Amino acid sequence: MTYDRLVCANCAAPVSEGRCPVCRANRERLQQENSFFAGLNPMTLIALLAVLVAAVALLAHQTV
Ligand SMILES: [Zn+2]
């Protein structure tokens, strides 16, 4: 999600410029959300990979 084009309801300036406390609060929150999703995605991939490996191992154990 990008906040480049988000306009502040308080000062009507782009939130990314941080002209008023409302802008800065919104910018802070959006940056935290971005970093949260950036940290989540690799972990989700690793979890999916672990599930896949476990499923393959289980399948191989059953067929042999
Ligand atoms: Zn503002």
Side-chain angles (χ1 to χ4, degrees):
M1 184 179 170
T2 178
Y3 57 91
D4 288 344
R5 290 171 199 161
L6 217 67
V7 174
C8 178
N10 190 47
C11 66
V15 168
S16 57
E17 290 183 14
R19 288 186 185 181
C20 76
V22 175
C23 289
R24 285 193 285 273
N26 277 325
R27 194 173 56 173
E28 198 86 351
R29 185 173 57 82
L30 289 165
Q31 280 175 345
Q32 278 175 3
E33 281 176 14
N34 280 350
S35 62
F36 172 73
F37 282 115
L40 184 77
N41 285 341
M43 283 180 73
T44 307
L45 284 173
I46 289 165
L48 283 171
L49 196 72
V51 168
L52 196 73
V53 167
V56 168
L58 195 73
L59 213 71
H61 187 74
Q62 280 178 344
T63 49
V64 171

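Each ligand, and each atom within it, is numbered from 1 in the order the structure gives. All values reported here derive from a predicted model rather than from experimental measurement.
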Nearest non-hydrogen partners of Cys23 and Cys11, listed with the distance:
SG-SG, 3.4 Å

Nearest 0.5 angstrom please: Glu28 CD to Gln31 CD, how far?
6.5 Å

Between Arg24 and Gly18 (side chain of the first, backbone of the second, donor and acceptor by atom type, cut-off under 3.5 Å), is there such a pair?
yes

Return each pair, listed once, that meets salt bridge (charged side-chain N to carboxylate O under 4.0 Å, His left out) where at least one residue sits in residues 11-21; pairs must be two or more places apart or across chains.
Glu17-Arg19

Leaving waters out, which protein N, O or S atoms fall under 2.8 Å from the Zn ion (ligand 1)?
Cys8 SG, Cys11 SG, Cys20 SG, Cys23 SG

Closest non-hydrogen atom pair, Cys8 against Val22
SG-CG1, 3.9 Å

Closest heavy-atom pair and its distance - Asn10, Cys20
ND2-SG, 3.4 Å

